[in-house]
2 protein chains.
Amino acid sequence: MNQSKRYLDIVKEIRDMIRQEKIRPGDRIPSERELAEKLQVGRSTLREALRSLELLGLIETRRGEGTFLSDHRNHKLVEVLSTFILQDNQSRKDVWETRLMHEISAIQSICQNKALAELRIWDSFKKRLEGESFQRADFVRELMVLSGNRLSLKIWFLLHQYSGSPYSHEVSEDEKDLMLPILDALENQQEEKAIHAFKSWSEWIEKRRMLNGDNS
Amino acid sequence: MNQSKRYLDIVKEIRDMIRQEKIRPGDRIPSERELAEKLQVGRSTLREALRSLELLGLIETRRGEGTFLSDHRNHKLVEVLSTFILQDNQSRKDVWETRLMHEISAIQSICQNKALAELRIWDSFKKRLEGESFQRADFVRELMVLSGNRLSLKIWFLLHQYSGSPYSHEVSEDEKDLMLPILDALENQQEEKAIHAFKSWSEWIEKRRMLNGDNS
DNA sequence: ATTTGAAAGTGGTCTGGCCACTCATATTGT
DNA sequence: ACAATATGAGTGGCCAGACCACTTTCAAAT
C-alpha cells in the first residue's frame with residue numbers, strides 16, 4: 001500500500017516530530033544519525049528528506065554544527081519559485097507592472113493604517129531627503145516594510161533585483177520635487193493623492209531609464 | 001570557495017542539462033547511475049538533488065522505469081510548504097492579501113483595456129455561471145489571464161494553490177448573487193464598482209472559510 | 001589565566017551492495 | 001504459428017559503513 005516514497009513519509013514524520021517536541025524556529029533538530037536511528041531508516045534516505053526540506057528553505061544545515069529549523073516567516077517560497085517564474089524571457093513590462101502593483105498596494109495599506117499615521121515618521125523621511133545619501137530603493141523598501149505584508153515585501157524585493165536597478169541610484173534634485181508630494185500625501189493619509197504622486201514618480205524614472213540606455 | 005552544498009550545484013547542472021538537451025516535459029532523463037557518472041558524483045549525493053527536485057514537482061520518478069521531467073503543474077511544493085508554514089496566521093494573512101492584490105490589479109487592468117471591452121466576452125461568463133459546472137478558481141484564473149500580465153498570473157497561481165483552496169469548489173446559489181455584480185461592472189468597465197463587488201465576494205468566501213473550519 | 005590541541009560530534013560524500021519493480025526479449029507450451 | 005511464460009537487463013529505493021571537513025568543547029600544557 002505505502003509502496004515506495006519512504007522519504008516522503010520521513011518528511012511528514014519530521015514535521016510531526018517538530019510539532020510534538022515544540023521545536024521553534026532557530027532551534028536545533030536531532031542529528032542525522034539520531035533521526036535515522038529513531039525513524040529506523042538509513043542515513044542516506046533520511047538525508048534525501050532533509051535535503052528536500054532544505055531546498056524549500058524549511059531547515060538550515062551547518063556542517064559541524066547541526067540542522068536547524070529555519071524561521072519560516074522568511075519563507076523561501078519566493079526564491080525557489082522565482083527560478084521557475086522568472087526563467088523565461090518574461091517581458092520587462094510585466095515585471096515593471098507587477099512591481100508597481102506591489103508598491104501601490106503597500107501605499108494603500110499604509111494610508112489605511114491609522115496607528116501608523118500617528119507616528120509622524122514622515123518628517124524624518126523628509127529630513128533624509130534633504131541630506132546627502134538617500135537612495136530610491138531604500139525609500140521604496142521602507143514603504144514595503146511599513147505595509148506590514150512580508151510576503152509582498154519578498155516578492156517586491158525579487159522583482160526589484162530582477163528589473164535591473166534603475167532604482168538603486170542617488171536621487172537627483174529634480175527627483176526630490178517628485179517625491180515630496182508623495183510624502184505630503186502619506187502624511188495626511190490621502191490615499192488617492194499618494195498613489196497618483198507615486199505613479200508620476202515611477203513613470204518619470206521609467207522614462208529616464210528608457211532614454212539613458214536599456215541595459216538588460 | 002563553493003564549499004559544501006554540492007547537491008545544489010547538481011540541481012543547477014541538471015537544470016542546465018535539461019535545457020541544453022531540450023528535454024521536454026514527459027521525457028525521460030538519464031538514469032541515476034548515468035548522471036552520477038557524468039557529473040562525477042556519488043549516486044547518493046545525486047539522489048539528494050533528485051529527491052529535492054521531485055519534492056518541488058519538477059521531476060517524477062517511477063521505480064523500474066526511470067526519472068521523467070514532470071509537467072510542472074503538479075507542484076507538491078505547495079502542499080508541503082503549506083503544512084509547514086500555514087500555521088502562522090500572519091503568513092496566512094499575507095498570502096491572502098497578496099493574492100487579493102493581484103486579483104484586484106488584474107481587474108483594474110481589464111477595465112482599462114478598451115479592446116477587451118468590445119469583445120463582449122462577459123455574456124459567456126454569465127451563461128456558464130448559469131450552467132452547472134463552474135468553479136470559482138476557474139473564473140478568477142480567467143480574469144488573471146485576461147489581464148495580460150503573465151508574471152502576475154504565475155504568482156497568483158502559486159498563491160492560489162498555496163492558500164489551501166477555499167476557491168476550488170463549485171459556486172453556490174448564494175454566491176452567484178455576489179458574482180453577477182462583478183460581471184455587470186466588468187461589462188461596463190466600471191472599475192470602482194467591479195473592485196468593490198469583487199472585494200465583497202472575496203470577503204464572503206473568507207468568512208465562510210473561517211466558519212467552516214480552519215483546516216491546517 | 002591564557003593558549004593550545006586533541007577528541008567528540010556534526011553534516012558532506014562516496015562506495016558497493018541488495019531489493020523491488022518494469023519492460024523487452026527469449027523461451028516454452030499449445 | 002500463436003500465446004503464455006520465464007528470463008535478464010536496467011531502473012529507482014534503500015541501506016550499511018567508511019572517510020572527510022568542519023565546529024565545539026574542554027582538558028592539558030604553558
Side-chain angles (χ1 to χ4, degrees), chain A residues 1-15 17-18 21 23-72 76, chain B residues 1-15 17-18 21 23-72 74 76 80:
Chain A
M1 44 192 84
N2 230 352
Q3 59 198 11
S4 69
K5 306 308 174 195
R6 185 96 174 244
Y7 88 101
L8 279 180
D9 296 336
I10 298 179
V11 166
K12 263 190 155 177
E13 292 190 60
I14 291 177
R15 184 198 60 185
M17 202 179 65
I18 287 175
E21 320 229 350
I23 301 178
R24 312 184 32 114
D27 289 353
R28 239 196 76 192
I29 68 180
S31 76
E32 296 183 349
R33 289 167 178 87
E34 277 181 65
L35 279 176
E37 168 71 17
K38 192 168 186 176
L39 303 179
Q40 287 293 295
V41 297
R43 200 184 145 210
S44 27
T45 307
L46 178 88
R47 275 180 63 83
E48 292 180 7
L50 288 181
R51 290 295 76 69
S52 301
L53 292 178
E54 186 184 10
L55 190 63
L56 290 185
L58 295 175
I59 61 174
E60 193 178 326
T61 57
R62 297 199 278 273
R63 170 191 255 168
E65 297 183 59
T67 305
F68 302 82
L69 193 58
S70 63
D71 188 352
H72 47 253
K76 286 239 176 56
Chain B
M1 45 193 90
N2 227 354
Q3 60 199 10
S4 69
K5 308 307 176 195
R6 185 92 171 249
Y7 86 101
L8 279 181
D9 295 336
I10 298 180
V11 166
K12 256 191 148 184
E13 292 192 58
I14 291 177
R15 201 188 52 182
M17 203 178 63
I18 286 175
E21 319 228 352
I23 302 178
R24 323 262 328 155
D27 290 353
R28 239 197 79 194
I29 68 180
S31 76
E32 296 182 349
R33 290 170 177 84
E34 275 182 66
L35 279 176
E37 167 70 19
K38 192 169 184 174
L39 302 180
Q40 287 293 296
V41 297
R43 201 182 142 210
S44 33
T45 306
L46 178 86
R47 276 179 63 81
E48 293 178 7
L50 287 181
R51 292 296 76 70
S52 300
L53 291 178
E54 187 183 9
L55 194 64
L56 285 182
L58 290 180
I59 61 175
E60 192 178 329
T61 57
R62 296 199 281 273
R63 171 190 254 169
E65 295 182 62
T67 306
F68 302 83
L69 194 58
S70 148
D71 239 350
H72 27 270
N74 304 347
K76 279 204 206 74
V80 178

| task | Apply the test side-chain contact (heavy atoms from CB on, under 4.5 Å) to residues L55(B) and Y7(A): give CA-CA distance (whole Å), side-chain angles for both, the deciding distance (0.1 Å), then the verdict. | result | CA-CA 10 Å; L55(B) 194 64; Y7(A) 88 101; 4.2 Å; yes
| query | Are OP1 or OP2 of dG12(C) and a side-chain N or O of T61(A) less than 4.0 angstrom apart? | reply | yes
| Near DNA chain D, under 4.0 Å by heavy atom, which residues of residues 36-50 of chain B? | R43(B), R47(B)
| Closest heavy-atom pair and its distance - T61(B), R51(B) | CG2-NH2, 3.0 Å
| query | Does R47(A) have any side chain to side chain donor-acceptor pair (under 3.5 Å) partners at least two apart in sequence or in another chain, and if so, which? | reply | E32(A), E48(B)
Enumerate the protein-to-nucleotides 4-10 of chain D contacts in which both atoms are nitrogen or oxygen and the separation is below 3.5 Å.
residue : atom : partner : partner atom : Å
dG10(D) : N2   : G64(B)  : O            : 3.2

| field | R62(A) side chain near dG12(C) phosphate (N/O to OP1/OP2, under 4.0 Å) | value | no
| field | Heavy-atom side-chain proximity of S31(A) to R28(A) below 4.5 angstrom | value | yes
| request: Give the rounded distance in Å between these two atoms: CG of L35(B) and P of dT13(C). | output: 16 Å
| field | Non-hydrogen side-chain atoms of L35(A) and V41(A) separated by less than 4.5 Å | value | no
| said: Closer than 4.0 angstrom, basic N to acidic O: yes or no for E60(B) and R62(B)? | reply: yes
| query | Residues two or more places apart in sequence or in another chain: which of them pass side chain to side chain contact (heavy atoms under 4.5 Å, CB included) with K38(B)? | reply | M17(B), E21(B)
| task | Mind calculating the distance between CD1 (I29(A)) and C1' (dT10(C)) to the nearest angstrom? | result | 12 Å
| message | Between C1' on dT23(D) and CD on E60(A), what's the gap in Å once rounded to a whole number? | response | 15 Å
| query | Does E37(A) have any salt bridge (charged side-chain N to carboxylate O under 4.0 Å, His left out) partners at least two apart in sequence or in another chain, and if so, which? | reply | none
| said: Whole angstroms only, please: what is the CZ-P distance between R33(A) and dA8(C)? | reply: 14 Å
| query | To the nearest angstrom, how far is E32(A) atom CD from dC19(D) atom P? | reply | 19 Å
| said: Rounding to an integer number of Å, can you tell me how far F68(A) CZ sits from dT10(C) P? | reply: 11 Å
| request: Identify, with sequence neighbours excluded, every residue that meets side chain to side chain contact (heavy atoms under 4.5 Å, CB included) alongside T45(A). | output: R6(A), I10(A)
| Length of the line joining E54(A):CD and dT10(C):P, which is rounded to integer Å | 17 Å
| note | In whole angstroms, the gap separating C1' of dG13(D) from CG of L55(B) amounts to 16 Å
